[in-house]
Amino acid sequence: MKKLNFWIYIIILALIVVGLFVFVKYSNSIFESLQKTETRNELTQLKENIADADYKIYWIGEVPERLKDLKIEQVTSIDEKHLPLSYYTEENITYITNEFGKDAKQYESRDIYQDCPKYSFIVISREGLTDEDRQLFERCSRENGTYMIVLGEGPVKEYRDYLLKDTGITTDIHSMQITYSGDNRRNIFSKSSADDINSVSFSKEFLAYLNAKLPSVH
C-alpha cells in the first residue's frame, strides 16, 4: 500500500511540474504576443501622427522594411533632380555647322523648377559618397532647411572626415544630425538602433524623431 501511495505521489508531482511548465510557456507566449501587439500599435500611431504632414525623406542606402510606407524616396542617383532642391539645371548639347563649314557643339542650359516638401530629410546609411554629393546635400539644407541624418559608424566616420572632425578611436559617434543653420547633434539615436536600422527599436526612435520635428503632429 505504501508503495502504491509513493507512485501516486510521484505521478501527481510529475503532473504538477508538467502543468507549471505548460503554464509558464503559455504565459510567456501571451506576454510576447501582447508586447508585439503593443509595439505594432505604437508604430502605427507614430506613423498616423505624421501622415498628413508635408514632408519627404530622401534615403541614401537601403530603406528599412518597417519604414517603407512613409513618404520616402530611395535615392539611387544623387543629383539635383532627385533631391529637395527648388530647381535643377538641364543642359542640352546641339551640333551646328560653323562659319568654316565644320560641326561645332553648342551648349544650352535652363533651370527646371520643381516642387519641394515643406519639411525634408536626407538620410545617409551607406558609405562611398563623394564630396560633390555632400555639397549637394549642403545646398539642400541651405536653400530648403533640409535635415541631414547620418547613420552607422562607417557613414558617420566618412562624413566627419569630410567635415574635418575628429574620427579617432576615442570618438564614439554612431549617428548625426547636420543642418546649414548649425543645429548639429551627435548620437541622436541609440548605438544599437543606429547600427541596426532594420530593428524595431530603430523604427520607434526614428518615428519619434520625425514626430518631434514635424509641427503638424503637435
Side-chain angles (χ1 to χ4, degrees), residues 47 50 53-93 105 107-167 171 173-189 191 193-199 202-203 205-207 209-210 213-214:
K47 290 178 180 180
I50 59 173
D54 182 14
Y55 78 94
K56 190 171 184 180
I57 302 165
Y58 301 78
W59 202 291
I60 317 294
E62 290 297 321
V63 180
E65 285 293 331
R66 290 184 182 86
L67 301 178
K68 285 188 174 180
D69 54 345
L70 298 180
K71 298 174 185 177
I72 291 182
E73 177 181 342
Q74 185 176 13
V75 179
T76 55
S77 178
I78 302 175
D79 53 41
E80 294 176 313
K81 190 175 181 179
H82 297 94
L83 291 173
L85 291 167
S86 54
Y87 72 92
Y88 63 92
T89 302
E90 187 177 82
E91 294 186 349
N92 293 316
I93 301 175
K105 291 182 180 179
Y107 294 89
E108 295 181 350
S109 64
R110 60 175 182 152
D111 293 335
I112 308 295
Y113 291 88
Q114 55 188 0
D115 292 330
C116 288
K118 187 173 182 180
Y119 303 97
S120 55
F121 304 83
I122 293 175
V123 179
I124 302 157
S125 61
R126 72 169 175 85
E127 302 175 42
L129 301 182
T130 66
D131 289 354
E132 289 75 17
D133 294 335
R134 297 185 181 95
Q135 287 164 10
L136 274 178
F137 302 156
E138 289 170 358
R139 181 184 155 195
C140 295
S141 185
R142 182 174 65 251
E143 293 183 5
N144 292 314
T146 303
Y147 288 93
M148 293 175 283
I149 302 166
V150 190
L151 301 170
E153 184 179 345
V156 165
K157 181 181 183 306
E158 282 192 349
Y159 219 107
R160 288 178 65 80
D161 284 343
Y162 168 74
L163 296 173
L164 300 179
K165 299 289 187 180
D166 176 32
T167 54
T171 305
I173 303 174
H174 42 268
S175 58
M176 297 192 317
Q177 171 187 287
I178 308 168
T179 67
Y180 180 75
S181 65
D183 184 15
N184 303 332
R185 302 181 186 181
R186 302 176 177 183
N187 298 333
I188 56 176
F189 305 110
K191 185 178 189 310
S193 295
D195 288 341
D196 183 9
I197 62 174
N198 289 303
S199 65
F202 174 76
S203 296
E205 289 185 33
F206 186 76
L207 286 167
Y209 172 88
L210 291 180
K213 291 297 181 186
L214 299 174

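Hydrogens, waters and symmetry mates play no part in the numbers below; they use all other heavy atoms, side chains included.
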Considering all heavy atoms, the nearest [X]-[Y] contact:
| X | Y | answer |
| --- | --- | --- |
| Ile60 | Leu129 | CG2-CD2, 3.9 Å |
| Ser175 | Ala194 | CB-CB, 4.2 Å |
| Phe189 | Ile149 | CE1-CG2, 3.9 Å |
| Ser193 | Glu205 | OG-OE2, 2.9 Å |

Looking at side-chain heavy atoms only, is the closest gap between [X] and [Y] below 4.5 Å?
| X | Y | answer |
| --- | --- | --- |
| Thr130 | Ile78 | no |
| Leu210 | Tyr119 | no |
| Met176 | Asn184 | no |
| Trp59 | Ile197 | yes |
| Ile122 | Pro84 | yes |

Salt-bridge test for Lys157 and Glu127: reply yes if a basic N is under 4.0 Å from a carboxylate O, no otherwise. no
Begin from the C-alpha positions of Leu70 and Leu207 and carry the test side chain to side chain contact (heavy atoms under 4.5 Å, CB included) through to its verdict. CA-CA 10 Å; Leu70 298 180; Leu207 286 167; 3.9 Å; yes
Quick check: does any side chain N or O of Gln74 sit under 3.5 Å from a backbone N or O of Gly61, one acting as donor and the other as acceptor? yes
Would Ile57 and Lys71 count as a side chain to side chain contact (heavy atoms under 4.5 Å, CB included) if you check the C-alpha gap in whole Å, the side-chain angles of each, and the deciding distance to 0.1 Å? CA-CA 6 Å; Ile57 302 165; Lys71 298 174 185 177; over 6 Å; no
Would Val156 and Glu153 satisfy side chain to side chain contact (heavy atoms under 4.5 Å, CB included), going step by step from the backbone distance to the final call? CA-CA 5 Å; Val156 165; Glu153 184 179 345; 5.9 Å; no
Please indicate whether [X] has more than 12 foreign heavy atoms, meaning atoms of other residues, nucleotides or ligands, lying under 6.0 Å from its [atom1].
| X | atom1 | result |
| --- | --- | --- |
| Lys165 | NZ | no |
| Gln177 | CD | yes |
| Tyr209 | OH | yes |

Ring pair (Phe, Tyr, Trp, His ring centres under 6.0 Å) partners of residues 129-155, not counting sequence neighbours, each pair once: Phe121-Tyr147
